[in-house]
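For reference, the structure discussed in these notes is given below.
Just so it is clear: chains get the letters A, B, ... in the order the sequence lines come, proteins before strands, and each one is counted from 1.
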Amino acid sequence: MTKRELAPSFTPADIEARLYSHWVESGYFTADSSSPKEPFTIVIPPPNVTGNLHIGHALDQTLQDCLTRMKRMQGYEALWLPGMDHAGIATQNVVEKQLAAQGLTRHDLGREEFVKKVWEWKAESGGQILGQMKRLGDSVDWSREAFTMDAILSQAVLTIFKKLYDAELIYRAERIINWCPRCLTALSDIEVEHSDDEGELVSIKYGSGGSEIIVATTRAETMLGDTAVAVHPDDERYSHMIGKTVTVPLINREIPVVADSHVDPAFGTGAVKVTPAHDPNDFEIGLRHSLANIVILDADAKVINTKSAFDGMDRYEARKAVVDALRAEGRIVAEKRPYIHAVGHCSRCDTTVEPRLSKQWFVKVAPLAKAAGDAVRDGRVVIEPAELAPRYFDWIDNMHDWCISRQLWWGHRIPVWYGPNGEVVVVGPGESAPAGYEQDPDVLDTWFSSALWPFSTLGWPNNTDDLKKFYPTSVLVTGYDILFFWVARMMLFGLFAMDGVPPFGTIVLHGLVRDQFGKKMSKSRGNVVDPLEFIDKYGADALRFTLARGANPGKDQALAEDWVAGSRNFATKLWNATRFAMMNGATVEGELPELSSLNAIDKWILSRLAETTAEYSELLSTYEFARASEVIYHFAWDDLCDWYLELSKEAFASGIAASTQRVLGHVLDQLFRLLHPVMPFITEELWTTFTGGQTLMTAVWPLSHASHVDKESESTVAQLQRVITEVRRFRNDQGVKPSQKIPGRFIAPADVAEYASAMAFLLKLELGEFTPSASVEIGAIKCELDLSGAVDVAAERTRLEKDLAAAKKDLATAEVKLNNEGFMAKAPESVVKEIREREAVTKADIERITAQLAALK
RNA sequence: GGGUGGUUAGCUCAGUGGUAGAGCGCCUCGUUUACACCGAGGAUGUCGGGGGUUCGAAACCCUCACCGCCCA
C-alpha cells in the first residue's frame, strides 16, 4: 500500500464531494436483504418534497447517520432508508401559487391536468433536499429512495384503507371539523395551531320582558345560527327559564333554553348561546337536545342562509355589522376589547380556522390508540428519553377520531365509490368499481400515508425480502415536535397492519435547534441559520460535530456560528496531529508491542483509549450524543494532543521511538474509527491516508481492551502532568519566556524520575550540573532551576501565599468533617478514608509552603 | 385552566448525595520539532428565594417567584 501525504492544511471542500461520490459508487450505503448479518434499520422522517434542508433536518439526520454508520461498523446489515413526503397542502399551495402568477386557478386546469402539473413541478423543482442531504454526508441507501405517492406506497394506502374500512375503523360522518377557509379543506386537530389572539367579547341580551337572558361570545356573527341557549341544570338563576324560549335578536328566531351540565356556571353570566353548526362543543349540546343545525357560513366563511342583510358578508365584516346592529337595538350590555383568547390557525397558511359542519371520513382511533399506548406501556417500544413518554400517553390515551379526508387534489384519492342509489364501495388494490359509480372527490390526509412509512417503504403489502429482513425498524429518530403528527400515527397503523408488531423498537426524540441565545428560530426574528452556509464555510464534519455535541436527549439546543467554528478547529487539530504523527513515523504496521515492554506514557494513552472507547460506545448506544461527543473531544484534544504527543516529542527527537510510533499509530487508527460516525469525511481522509486502508465505512468498530486499563500508569502520568503544570506556572510567574531554555533538574521517586528528559523537553529545561537559584515543590517531587539570579521574590511570595490559603481552606473543610461525630459515625468508610487522605496531603502542603515562604525572606 | 420542562461562570449548557464543570468569551505571556483554526498560564459562581430531610444537598422533599413548551 502506498501512503499519500496530507495537505499542509485542512480544506473540507477539497475532500467532501470526492469522498461522498466514492462512497455511493462503491455501494457502501446499499443494504443487502439476503445478508446473514443482523439488520439495523432506520427510516428517515420523510422531508416534504417542497422542503429545503434546514438546521433541524441537519440535526435529525446527523444523529441518524451517526447510529447507522456505527452499526454498520459494528457488523450489522445497516439500512438507512431515504425518501420524501408528498405534503398535500404544502405542495398544492406551491403549484397553485405558480398558476396564480399566470392568473389561473386549479379549476381552470381541471383535476387531471392539475395533478399532472404537480408531478411536473416535482420533477423539475421538487426534492431539492435530497441533494442537500448529500452535502451533509448522509449514508442513506439511495437505491431504496421512496416517495409517498410512488405506486407501491400508494398500493399500501389502498390496502390499509380497505382493511380499516372492513374492520369498521373507518367511517363517514357529518361532524364539526376544523376548516381552513383559505385552503378550502378540512384539517385534523393537529393541523391547527392555537395562539392567544386579540379579539372581542361581547355580551348580548336575548329575549325581552321577563324572559331576558344575557350571553357572551367572541364570534357574534354566529348568533345568526343559534338554535338554543344553554344553562347549567343546577343554576338557580335560570331555573325558571329552562324549557321556555327566548327570541334571538336581529333574526327573531324563537329558541329554547336548555339545561346542560357541560355549561360552566362560573363563566360569564352562566348562560351560553348554542350554535351547533359552527362550534364543536355546541354541536355536542345540539346532539343531546336534538337541536337543529343551521349553517350560516359557507366554505369561504361568508354568511349565507340568514335571509338578512348579513348574507354575503365575510365573517369579520359580519361580526362587526352584527355587533353594530345589536348595539343600535340596545342589546349589547358589555363589550370587552381587546379580549385575549385562544384562536386556532391553519398550520399551513395561518388563516383562522372555522369550525364547520360537514361530511368527512374519519378513522375510529380508540381501539388503535389502545394498542399504541400498550406497546409503550409494556416496553415493546421504548421512548428515549423516558421523560417524554407521559406526553405520548397523555395524547394517545385521549385522542379524538381522526379526520382523514381533505378537499384537495394532490394526494391519495379516497378509494370509495358511490353508486347511483347511494351504494358505497371501497375499492382495494387491483379491484375496480362497478360501472356507473363515482369516486369520492377528496384525498387523504398526508399523514395517512406517512403513517405507513416504516413498512410501505419496504414493499408492504407484498411480503418482500426487504420487509422480511428489515421490519420492524430498529430506531426512529425524530424531533419531539412531531411525536403526535407522525410517530403516534405510525404506531396506530403499524400495529394494525403488521399484526401487532410495532414499527420500531426505540423512539429517540431530540429537541429543536435554537439560536445562540436559546430563542426559537423564525423568519420574523431573522435568526434562521442555513446549514448549507455552515457546510460551505466550516465543512460538514464541523456542523455535524456541533449538532451532535449539543444533542442532549429530548432537549433543545442553542447554536451559534462560533460553536461551528470551534468544531472546525477541532477538525483542523485532528488533521495537524495526524500530519505530526506521520512526520514522526507513526504506523499501524505490525503487532502492538507487549504491554510490559512499554513505558508508562504509552501504557497511559492505551489505558485512556480503552476507557474512552468503552465510555463513548456506551454513550452512543444509549443515544447520549452530547456526552459521547464531549468524551471523545477531550480524549483527542487533551489526552492525545496536549499530553501524549507532547510527552512523546522527546522520544521522537531522540530517535528511540519504535514502540511509541506503533502505539501512536494504533491510537489514531482507533480514534478515527470512533469519530467516523460523527465526522465521516475528515476521518475517512485521514485514516485512508495514514493507514493506506480502503475505507473506514466498513472498518471494524473498536473494542475496548479491559487489559489495557492501567491505573498505575495513569497515576504516574498524572504526576508528570502536575509537575509540568506547576513548573510552567512558576516559569510564567517568574516571567520566563516559554521558549527560553534554563538549567533544571528533578528530584523525584524513580517512577517519575524515569521521565525527567521527557519533562525537561516539554519544559525547556537543560538537565545537568548547575547551582539552583529556585525550586518548585510538588508533593514529594522537587524541580530545581537556575534563573540566573534574578528570582522575582514578590511574585513567588504571592503564588505561595495563594497556594497556602487554598491548602488551609481545604484542610479546614476536611477537619470540620473529621471533627463531626455524626460524619464519623455514619459516613461510609471509603468517604472517611478519602477525607483523611485529603487532611494528610493538605497538612503536608501547608508545612512545605510555610517552609518555602520562610526561606524566601 | 390542566399537564410538563427549566432557573448553575459574561453567553449557551453538562452535572441524580461526598472539595462546583465544559465550550465560547475575557486577562497575561508566547512564531518552542504538528497546529495562531495554536500553545502555556490566569480570573470568574451566596448552583433563583425561603423552609425541610441528611453526618453531608446544586442534586431529595415542601413552598414561592420567574421563564418556556404541550394540551384545552
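- Ion pair A:Lys833/A:Glu829 not flagged as a salt bridge, since none of the NZ, NE, NH1 or NH2 atoms sits closer than 4.0 Å to an Asp/Glu carboxylate oxygen.
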Tell me, for nucleotides 51-61 of chain B in 5' to 3' order, what letter each nucleotide earns: B for a base near a protein heavy atom under 4.0 Å, S for only sugar-phosphate near one, - for neither?
-> ----B------
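- Below 30°, between 30° and 60°, or above 60°: for A:Phe690 and A:Phe672 the angle between ring planes is above 60°, a perpendicular geometry.
- Heavy atoms of A:Phe484 sit under 4.0 angstrom from primed sugar atoms or phosphate atoms, though from no base atom.
- Spacing of P atoms, B:rA72 relative to B:rG45, comes out at 46 Å, to the nearest Å.
- Separating the CG atom of A:Leu388 from the P atom of B:rU4 is a distance of 13 Å, rounded to the nearest angstrom.
- B:rC13 sits 33 Å from B:rG52 when the P atoms are compared, rounded to a whole Å.
- Here the separation of B:rG5 from B:rC61, taken at their P atoms, is 11 Å to the nearest Å.
- For the pair A:Glu387 CD and B:rU16 C1', the computed distance is 11 Å after rounding to whole Å.
- B:rU44 and B:rG21: their P atoms are spaced 13 Å apart (whole Å).
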Apply side chain to side chain donor-acceptor pair (under 3.5 Å) to the pair A:Asp810 and A:Thr842, showing each step before the final yes or no.
-> CA-CA 7 Å; A:Asp810 286 353; A:Thr842 47; over 6 Å; no
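- Between the NZ atom of A:Lys520 and the C1' atom of B:rC70 there is a distance of 11 Å, given to the nearest Å.
- At the heavy-atom level, A:Phe730 lies nowhere under 4.0 Å from the strands shown.
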Go through A:Tyr644 and A:Asp602 one step at a time and tell me if the side chain to side chain donor-acceptor pair (under 3.5 Å) criterion holds.
-> CA-CA 8 Å; A:Tyr644 182 70; A:Asp602 289 334; 2.5 Å; yes
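- Nucleotide B:rG6 holds its C1' atom 12 Å from the OH atom of A:Tyr480, rounded to whole Å.
- Residue A:Arg549 is in sugar-phosphate contact alone, with no base atom involved, counting any heavy-atom pair closer than 4.0 Å across all strands shown.
- With rounding to whole Å, A:Glu834 atom CD is found 7 Å from B:rG18 atom C1'.
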Treat primed atoms plus P, OP1 and OP2 as sugar-phosphate and everything else as base, then score nucleotides 8-13 of chain B 5' to 3': B for base contact with protein heavy atoms under 4.0 Å, S for sugar-phosphate contact only, - for none.
-> ---SS-
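- With sequence neighbours excluded, the residues forming a side-chain hydrogen bond (donor to acceptor under 3.5 Å, both in side chains) with A:Trp687 are A:Asp669, listed by chain and number.
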In dot-bracket, 5' to 3', how would RNA chain B read with Watson-Crick or G-U wobble pairs under 3.5 Å, [ ] for crossing ones and | for pairs to another strand?
-> ((((((((.[[[[.)..(..]]]].(((((.......))))).....[[[[[..)....]]]]]))))))).
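- Using a 4.0 Å cut-off between a side-chain N of Lys or Arg and a carboxylate O of Asp or Glu, A:Glu354 and A:Arg219 qualify as a salt bridge.
- Although no hydrogens or angles enter the test, the distance criterion places no donor-acceptor pair under 3.5 Å between the side chain of A:Glu650 and the main chain of A:Phe761.
- Across the C1' atoms, B:rU53 and B:rA20 are found 22 Å apart, a figure rounded to whole Å.
- Between the A:Gln661 side chain and the A:Asn584 main chain, a donor and an acceptor come within less than 3.5 Å of each other.
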Under the side chain to side chain donor-acceptor pair (under 3.5 Å) criterion, do A:Tyr480 and A:Asp556 qualify, and how do the steps go?
-> CA-CA 10 Å; A:Tyr480 62 70; A:Asp556 292 351; 2.7 Å; yes
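- By the 30° and 60° cut-offs, the orientation of the rings of A:Phe580 relative to A:Phe652 is perpendicular.
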Protein-proximity profile, nucleotides 37-42 of chain B, B/S/- by nucleotide at the 4.0 Å heavy-atom cutoff, equals BSSBSS
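- The main-chain N or O of A:Glu815 is found under 3.5 Å from a side-chain atom of A:Asn819 such that the two form a donor-acceptor pair.
- Under the 3.5 Å distance criterion, the side-chain polar atoms of A:Asn398 are matched with a main-chain donor or acceptor of A:Asp394.
- For the pair A:Glu630 and A:Asn584, both in contact range of RNA chain B, the more 5′-proximal nearest nucleotide belongs to A:Glu630.
- Nucleotides B:rU8 and B:rG50 place their P atoms 15 Å apart, quoted to the nearest Å.
- In this structure, A:Glu630 does not pair ionically with A:Arg627, as no charged nitrogen and carboxylate oxygen lie closer than 4.0 Å.
- With rounding to whole Å, A:Lys519 atom NZ is found 13 Å from B:rC69 atom C1'.
- Out of B:rA34, B:rC70, B:rA22, the shortest distance to the side chain of A:Lys649 is found at B:rA34.
- One can place OH of A:Tyr392 at 18 Å from C1' of B:rU4, the figure rounded to the nearest angstrom.
- With A:Phe823 as the aromatic partner, A:Lys826 does not meet the cation-pi criteria of under 6.0 angstrom to the ring centre and within 45 degrees of the ring axis.
- Electrostatic pairing of A:Glu561 and A:Lys537 counts as a salt bridge here, judged by a charged N lying under 4.0 Å from a carboxylate O.
- A gap of 8 Å separates the P atoms of B:rU46 and B:rG10, to the nearest Å.
- Rounded to whole Å, the C1' atom of B:rA43 lies 35 Å from the corresponding atom of B:rU54.
- Within 4.0 Å of A:Ala825, counting heavy atoms only, lies no atom of the nucleic acid at all.
- Sorted by first and then second residue, the salt bridge (charged side-chain N to carboxylate O under 4.0 Å, His left out) pairs with a member in residues 723-739 of chain A read A:Glu726-A:Arg729, A:Glu726-A:Arg799, A:Arg729-A:Asp803, A:Asp733-A:Arg799; sequence neighbours excluded.
- Residue A:Lys737 places no side-chain N or O under 4.0 Å from the OP1 or OP2 atom of B:rC29.
- The interatomic distance linking A:Leu512 (CG) with B:rC69 (C1') rounds to 10 Å, in whole Å.
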